[in-house]
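Residues: numbered from 1 along the sequence shown. Since the structure is predicted, the reported quantities are computational estimates derived from the model, not experimental observations.
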Amino acid sequence: MPLKKSLLFLLVFISFSKINAQKFEMGKVSIAELEEKRHPTDTAAVAAVLFEKGKVDFSYNQNNGFVMITEVTARIKIYKKEGYDWATKAVQYYTGDVTNESVFFSEAVTYNLVNGKIEKTKLRSDGSFDEKVNEYWGRKKITMPNVKVGSVIEYKYLVKSARYDELTPWAFQSSIPVNFSEFTTHVPEYFVYNANFKGYISPKVSVEKRNKILNYAYRANFDPNGQANLTTTQEKLEFLETKTVYLAENLPAMKAEAFVNNIENYTASITHELSITKYPNQPYKTYSSSWKSVAKSIYDYDNFGLEIEKTGYFEDDLKAVTTGLGSTEEKISAIFNFVKTNIKWNNYYGYSCKDGVRKAYKDKTGNVAEINLMMTAMLRHAGLTANPVLVSTRSNGIALFPNRTAFNYVIAAVETPNGFVLLDASDKFSTPNILPFRALNWIGRLIRKDGTSVEVDLMPKVTSNDVVTMNYAIDATGLVSGKLRRQRTDYKAMLFRENIDDVKEDSYLEKLENDSHKIEIKEYSRTNEKELKLPITETFSYAGSDFSEIIGGKIYVNPMLFYTDNENPFKQENREYPIDYGYPFMDKYAINIQIPEGYKVETLPAPALLSMEDNLGSFKFITSSSGNTVQMSIMHQMNTPIISSEYYSMLKEFYQKMIEKQNEKIILTKI
């Protein structure tokens with residue numbers, strides 16, 4: 001299914017109606033809530049949100065102007081020990097500049113039923129923590145005391161922030177059921193926000209406008225005589241306020257399943273981005289309202305577009321790198337490898353430079369923007385048509401709505417007659433058009449210097465292969481021994497290289513043996529580990545006894561050995577979000593089996609061919625035998641990186657049949 005069409009499945013429609021909100025009061029926990037043994041609609045739930053209410057309001061002071069205040073209250077029921085994690089609540093806050101945020105917890109209480117009476121345990125000081133996440137973010141965390149199966153916990157917290165270009169985001173759904181979720185915003189007339197919804201459940205919405213008065217203390221810097229002013233007066237600010245209430249009830253748990261990009265992409269939630277400011281006696285100021293304006297505003301940032309224009313710091317070095325190179329492909333490869341080799345990623349995301357490309361080049365380390373904007377500048381200097389591409393990483397969510405915070409990453413693209421060549425020099429295992437998996441998030445946006453921009457499909461088109469050749473023999477006791485060759489290409493190779501990076505061979509082989517039904521591995525070798533453009537290959541000899549059974553003198557063999565899939569990854573009855581593999585792939589197995597002397601093949605699994613609709617994928621299972629040799633060719637192929645949820649039932653059935661076929665046994669009997 002085309003990406004644009006798939007994106008539409010994420011959008012929800014708002015219904016405006018009168019809301020009759022229930023009253024949930026902190027401290028009013030009932031005996032019935034404490035006695036409840038399981039959730040009424042989700043008996044498997046380990047916990048549930050009984051209610052959660054958020055409110056965003058604004059205060060005003062002379063020094064900071066408007067300050068956004070978010071108040072959250074919540075009540076959570078614990079049903080099982082596995083739900084104890086819900087007794088810990090963490091709230092991140094920004095510490096990156098003078099507009100530091102602050103978080104305050106209060107009214108944190110655990111409730112238990114003891115001998116028919118409600119027992120309260122308040123949060124102790126040793127249950128509250130303040131952590132530094134990195135130089136930009138801190139985290140306030142509480143761990144509730146005396147939590148047991150059956151407990152109900154409550155807490156309240158406030159977040160104060162002068163960063164109101166976005167209102168506090170709100171998720172109505174969670175990984176546990178949510179009985180009641182309400183989010184209220186009080187927005188002064190000076191601000192206009194775009195409300196962006198995600199998910200498949202639409203909250204009820206009510207809107208009310210009313211007059212508001214804010215009182216604040218004011219002191220002029222100087223009095224009429226030019227002296228420092230120490231007098232404070234009480235002032236008031238009168239304005240029209242828009243109150244909006246979003247309400248959702250009885251929300252099912254969002255259960256992550258195999259091959260989901262980021263479950264938050266599909267969770268019912270709302271964000272608000274500042275669209276217009278209209279202060280008294282000042283012209284309106286508009287912010288990003290389209291992808292075009294988003295892209296242009298980002299390119300115009302000093303720490304973005306101007307950084308690409310800087311070239312003097314690398315020109316001499318680049319000349320040495322590109323001298324004698326003629327083709328576009330040679331130049332791209334040389335510059336890409338030069339940047340990868342000389343500038344190391346410091347593990348910070350972002351599309352803006354923190355310290356600048358010059359310093360990153362000098363220090364040989366930088367964030368994603370410094371590395372890839374530097375590379376963009378070098379590619380341009382070498383005469384190539386190169387531009388930055390804004391990306392939202394998988395962990396950041398899909399960039400559904402035009403806003404400046406939709407993106408958190410940037411790569412480079414070279415325009416060629418055959419299409420874009422996408423490059424990310426921040427990743428040591430990336431190659432041209434093989435981006436890090438974190439960047440494979442549907443669509444990016446290429447920005448040109450003239451302010452124009454275009455969508456760029458980030459999802460791979462080339463199939464990544466994993467080809468296994470196994471030759472093994474079975475003896476009369478059922479012992480299997482043989483040799484194996486495994487070759488991975490493109491994304492299969494890149495992810496394997498990442499997994500083995502800095503892992504000692506002994507540790508890797510020990511894990512491989514344990515994960516492969518306790519086989520014994522000998523004569524292990526690996527080729528092309530550092531040659532990133534070439535397939536990476538493993539070879540080894542192996543032996544194991546966990547792949548066959550002897551029953552009534554017959555040997556029952558599982559022919560795919562340790563590569564047999566035993567469990568369907570798709571377990572839900574229905575699935576509303578897409579299946580995201582990240583890249584198209586083909587897993588192929590060529591198997592040659594020598595059966596023991598004195599035995600013959602009594603039963604051989606029948607050949608099978610499974611094909612999905614619209615050429616989404618296929619499974620081939622081919623078998624043959626001759627004398628004491630059995631040959632098998634098995635292939636599982638998915639032809640698209642993303643499959644719409646409308647195909648889920650078909651895909652689930654496809655996997656079930658494929659797994660059943662893989663688990664069919666070869667039966668050997670004595671001659």
For this session: Working to the nearest 0.5 Å, report the span between CE of M26 and CZ of R75.
Result: 8.0 Å
Exercise. Going through the distances and angles, do F172 and I270 end up as a side-chain contact (heavy atoms from CB on, under 4.5 Å)?
Worked result: CA-CA 8 Å; F172 298 95; I270 186 171; 3.8 Å; yes
Exercise. Of the options D57, T244, T70, which is the one that meets T185 in a side-chain contact (heavy atoms from CB on, under 4.5 Å)?
Worked result: T244
Problem set entry | Backbone N/O of R394 and side chain of N262: donor-acceptor pair under 3.5 Å | yes
Exercise. Nearest heavy-atom pair of Y79 and A48: which atoms, and what distance?
Worked result: CE1-CB, 3.7 Å
Exercise. Can you find a side-chain donor-acceptor pair between Y299 and N387 that sits under 3.5 Å?
Worked result: no
Exercise. Is the shortest side-chain N to carboxylate O distance from K354 to E370 below 4.0 Å?
Worked result: no
Seminar exercise, completed: Nearest heavy-atom approach of A87 to I153 is CA-CD1, 3.6 Å
Exercise. What do you reckon, are the aromatic ring centroids of F197 and Y246 less than 6.0 Å apart?
Worked result: yes
Problem set entry | More than 12 heavy atoms of other groups within 6.0 Å of E264 CD | no
Exercise. Between F66 and F191, how do the two ring planes meet: parallel, tilted or perpendicular, split at 30° and 60°?
Worked result: perpendicular
For this session: Might you work through the salt bridge (charged side-chain N to carboxylate O under 4.0 Å, His left out) test for K571 and E257, ending with a clear yes or no?
Result: CA-CA 8 Å; K571 305 181 187 307; E257 202 180 36; over 6 Å; no
Problem set entry | Distance in Å, F58 CZ paired with E241 CD, rounded so as to fall on 0.5 Å steps | 9.5 Å
Exercise. Between R497 and F429, is NZ or CZ placed under 6.0 angstrom from the six-membered ring centre and within 45° of the ring axis?
Worked result: no
Problem set entry | Within 6.0 Å of NZ in K292, more than 12 heavy atoms from elsewhere | no
Exercise. Has the side chain of S464 got a donor or acceptor atom that lies under 3.5 Å from a matching backbone atom of D490?
Worked result: no
For this session: To the nearest 0.5 Å, tell me how far C353 SG sits from K359 NZ.
Result: 12.5 Å
For this session: Kindly determine whether N261 and Y577 satisfy side-chain contact (heavy atoms from CB on, under 4.5 Å), including the steps that lead there.
Result: CA-CA 9 Å; N261 176 322; Y577 44 86; over 6 Å; no
Problem set entry | Under 3.5 Å side-chain donor-acceptor pair for Y409 and S426 | yes
Exercise. Is there a side-chain contact (heavy atoms from CB on, under 4.5 Å) between Y349 and N396 once you walk through the steps?
Worked result: CA-CA 10 Å; Y349 290 176; N396 192 55; over 6 Å; no
Exercise. Would you say the ring centroid of W137 lies under 6.0 angstrom from that of Y94?
Worked result: yes
For this session: Decide if atom NZ of K344 counts as having more than 12 heavy atoms of other residues, nucleotides or ligands within a radius under 6.0 Å.
Result: yes
Exercise. Does the pair D506 and K504 meet the rule for a salt bridge (charged side-chain N to carboxylate O under 4.0 Å, His left out), with working shown?
Worked result: CA-CA 6 Å; D506 288 347; K504 292 182 179 179; over 6 Å; no
For this session: Identify the heavy atoms of I371 and G366 that sit nearest to each other, and give their distance.
Result: CD1-O, 3.6 Å
Exercise. How long is the span from the CG atom in L123 to the CD atom in E154, to the nearest 0.5 Å?
Worked result: 13.0 Å
Exercise. Going through the distances and angles, do F336 and M375 end up as a side-chain contact (heavy atoms from CB on, under 4.5 Å)?
Worked result: CA-CA 7 Å; F336 178 67; M375 179 171 60; 3.6 Å; yes
For this session: Could you go through the ring-ring contact (aromatic ring centres under 6.0 Å, His included) check for F407 and Y351 one step at a time?
Result: CA-CA 7 Å; F407 302 108; Y351 57 68; 7.2 Å; no
Exercise. Atom OH of Y348 and atom OG1 of T365: how far apart are they, to the nearest 0.5 Å?
Worked result: 10.5 Å
For this session: Assess whether atom CD of E498 is packed by more than 12 heavy atoms of other residues, nucleotides or ligands within 6.0 Å.
Result: yes
Exercise. Do the side chain of K340 and the main chain of S430 share a donor and acceptor less than 3.5 angstrom apart?
Worked result: yes
Problem set entry | I343 CD1 to N367 CG distance, which is reported to the nearest 0.5 Å | 12.0 Å
Exercise. Using 4.0 Å as the upper bound for N to carboxylate O, is an ion pair formed by E33 and K77?
Worked result: no
For this session: Assess the side chains of T393 and R438: does a donor N or O sit below 3.5 Å from an acceptor N or O?
Result: no
Exercise. Would you call the rings of F105 and Y155 parallel, tilted or perpendicular if under 30° counts as parallel and over 60° as perpendicular?
Worked result: perpendicular
